[in-house]
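As the structure is a computational prediction, the values presented were derived from the model and not from experiment.
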Amino acid sequence: MHTRELAAILTGLRTWLGEQAPARLRASGLTDLADRAALLALPYDSRWNDPYWSR
């Protein structure tokens, strides 16, 4: 697999995680996992500065 193809796949996965996964997980009653999935869609620095970690 080429680097560009891998980058496109990762971008698609991050997009799906940020847009689709949290709602589906919350609907299943998995709120903490939904919050964590939403964090994966954030840029690295934003992810670790998110208020989620100070709960």
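- Closest heavy-atom contact between P22 and A34: O-CB, 3.4 Å.
- Within the structure, the side chain to side chain donor-acceptor pair (under 3.5 Å) test picks out the following pairs touching residues 23-33 (sequence neighbours left out): R26-D35, D32-R36, D32-Y52.
- In this structure, L33 belongs to a hydrophobic cluster whose other members, linked by side-chain heavy atoms under 4.5 Å apart, are L25, L30.
- Between the side chain of W53 and the backbone N or O of R47 there is at least one donor-acceptor pair closer than 3.5 Å.
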Just list the side-chain donor-acceptor pairs under 3.5 Å for residues 8-20, sequence neighbours left out, or say none.
residue, atom, partner, partner atom, Å
T11, OG1, A7, O, 2.9
T15, OG1, T11, O, 2.9

